[in-house]
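Okay, so here's the structure we're looking at.
Computed from a predicted structure; not experimentally measured.
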Amino acid sequence: MVSYVNALLYGVGGIVVAGMALLVAFQEKLVYVPVVPGLTKSYPITPARLRLFYEDVWLTSSDGVRLHSWFIKLLPDCRDIAHRLEMVQIMLQRLQCNVFMLSYRGYGASDGFPSQHGISMDAQAALDHLSQRTDIDTYRIVVFGRSLGGAVGSVLTKNNPDKVAALILENTFTSILDMAGVLLPFLKWFIGKSSSKGPGVLNFLVRSPWSTIDVVNEIRQPILFLSGLRDEMVPPLHMQLLYAKAAARNQQCLFVEFPTGMHMDTWLSGGDRYWRTIQEFFEKSVPDKKIDGSSESVTKSYL
């Protein structure tokens with residue numbers, strides 16, 4: 001009996017050690033995915049190739065890392081495009097906005113290696129660039145973040161109440177601490193915070209916690225939560241918890257569910273209702289202003 005108990009204890013201990021080793025060695029690869037599976041980092045699609053009018057914008061983060069981004073301008077003749085740019089085409093047409101797309105450090109043509117501190121600086125550099133442009137209405141910048149982008153966008157919005165007009169979060173996690181138990185289920189008893197059952201004894205090993213749940217309740221700008229109920233990566237409960245935390249202190253929060261939405265295709269499966277939801281949020285939260293009889297387009301920072 002003693003031998004059996006010892007074997008069980010050694011087995012549990014081995015699982016914990018293995019979990020610790022996985023967290024230490026591979027956590028960045030679990031959190032950050034600079035290359036879309038099946039494609040190379042140098043995949044040659046650009047907005048110009050796909051008939052979108054854009055600027056290549058090169059930025060320098062505050063620690064000197066060189067970043068690449070696209071500023072995609074609203075034009076009436078945008079046509080077929082692929083991958084995430086397909087969503088941008090519809091966004092341009094349905095929302096009548098410009099779109100700024102940033103490649104974080106380590107992503108796309110940007111230099112460096114991803115980290116929470118570094119990516120936060122990258123997002124700030126992008127927002128600072130937009131705030132200094134003279135061809136957009138800088139009072140109507142909306143941050144749009146999906147998944148990790150939602151965590152990044154939440155920090156950016158909280159830190160810039162005078163530069164960001166509103167925030168949209170889509171299928172975003174409460175924290176990487178909580179996601180650890182989703183990605184590696186046996187860790188849920190040893191790591192986590194807001195939605196997991198574990199005591200969090202291994203939390204100190206997570207280098208990029210991205211604790212969105214601790215950020216959203218400090219945001220005072222309007223927030224739209226878009227939740228795909230068939231999300232296969234981030235449990236929809238995470239979005240519900242984020243909304244509850246934010247709405248407790250911010251009356252300008254709106255939560256909308258899409259029953260067939262998965263992690264990356266909620267915009268597609270949501271159809272017309274998805275775009276109408278965002279349009280109505282814009283009209284209420286960042287109303288159009290007329291200048292010299294013409295309407296200026298909102299600029300969305302899509303992170």
Decide whether [X] and [Y] meet the rule of one side-chain donor and one side-chain acceptor closer than 3.5 Å.
X      : Y      : answer
Ser103 : His68  : no
His263 : Ser147 : yes
Glu170 : Tyr274 : yes

Compare all side-chain heavy atoms of [X] with those of [Y] and state whether any distance is below 4.5 angstrom.
X      : Y      : result
Cys253 : Phe225 : yes
Phe71  : Arg133 : yes
Ser62  : Gln124 : no
Asn171 : Leu226 : no
Ile141 : Ser131 : yes
Asp135 : Asn98  : no
Ser227 : Pro236 : yes
Trp70  : Pro47  : yes

- Message: With a sphere of 6.0 Å drawn around CD of Gln251, does it hold more than 12 non-hydrogen atoms of other residues, nucleotides or ligands?
- Response: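 Open.
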Which heavy-atom pair separates [X] from [Y] by the least distance, and what is that distance?
X      : Y      : result
Thr138 : Leu130 : CG2-O, 3.5 Å
Asp265 : Gly261 : OD1-C, 3.8 Å
Met87  : Arg146 : SD-NH2, 3.0 Å
Arg140 : Pro287 : NE-O, 3.3 Å
Phe258 : Thr277 : CZ-OG1, 4.2 Å

Strictly distance-based, threshold 3.5 Å: is any side-chain N or O of [X] a donor or acceptor partner for the main-chain N or O of [Y]?
X      : Y      : value
Gln221 : Ala165 : no
Ser115 : Gly118 : yes
Asn217 : Ala248 : no
Tyr32  : Gln116 : yes
Ser69  : Val57  : yes

- Looking at Arg249 and Glu218, does any basic side-chain N land under 4.0 Å from a carboxylate oxygen?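 No, Arg249 and Glu218 are not salt-bridged.
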- Summary of salt bridge (charged side-chain N to carboxylate O under 4.0 Å, His left out) pairs that have at least one residue in residues 95-115, sequence neighbours excluded: Asp63-Arg105, Arg105-Asp122
- Using the salt bridge (charged side-chain N to carboxylate O under 4.0 Å, His left out) rule, collect all pairs that involve residues 221-239, keeping only residues at least two apart or in two chains. none
- Item | Chi angles and distances behind the side-chain contact (heavy atoms from CB on, under 4.5 Å) call for Ile72, Phe53 | CA-CA 6 Å; Ile72 305 174; Phe53 185 77; over 6 Å; no
- Sequence-distant partners of Lys163, side chain to side chain donor-acceptor pair (under 3.5 Å), two or more places apart: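 Scan of Lys163 (side chain to side chain donor-acceptor pair (under 3.5 Å), adjacent residues dropped) gives Asp128.
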- Task: Could I get the full list of side chain to side chain donor-acceptor pair (under 3.5 Å) partners for Ser285, not counting sequence neighbours?
- Result: none
- Gln252 vs Lys284, side-chain contact (heavy atoms from CB on, under 4.5 Å): CA-CA, chis, key distance, verdict: CA-CA 10 Å; Gln252 301 182 90; Lys284 181 178 180 180; over 6 Å; no
Show which side-chain atoms of residues 151-159 pair as donor or acceptor with protein atoms under 3.5 Å away, not counting sequence neighbours.
{"residue": "Ser154", "atom": "OG", "partner": "Gly150", "partner atom": "O", "Å": "2.8"}
{"residue": "Thr157", "atom": "OG1", "partner": "Gly153", "partner atom": "O", "Å": "2.8"}
{"residue": "Asn159", "atom": "ND2", "partner": "Val155", "partner atom": "O", "Å": "3.3"}

- Message: Test side-chain contact (heavy atoms from CB on, under 4.5 Å) on Leu241 and Ile213; report intermediate values, then the result.
- Response: CA-CA 8 Å; Leu241 291 170; Ile213 192 118; 3.9 Å; yes
- Not counting sequence neighbours, list each pair that qualifies as a ring pair (Phe, Tyr, Trp, His ring centres under 6.0 Å) and has a residue in residues 114-134. Phe100-His129
- Task: Check the pair Leu92, Val99 against side-chain contact (heavy atoms from CB on, under 4.5 Å), reporting the backbone distance first and the verdict last.
- Result: CA-CA 8 Å; Leu92 294 170; Val99 179; 4.0 Å; yes
- Task: Report whether Trp58 and Leu67 are members of the same hydrophobic cluster (ILVMFWY, side-chain heavy atoms less than 4.5 Å apart, transitive linking).
- Result: no
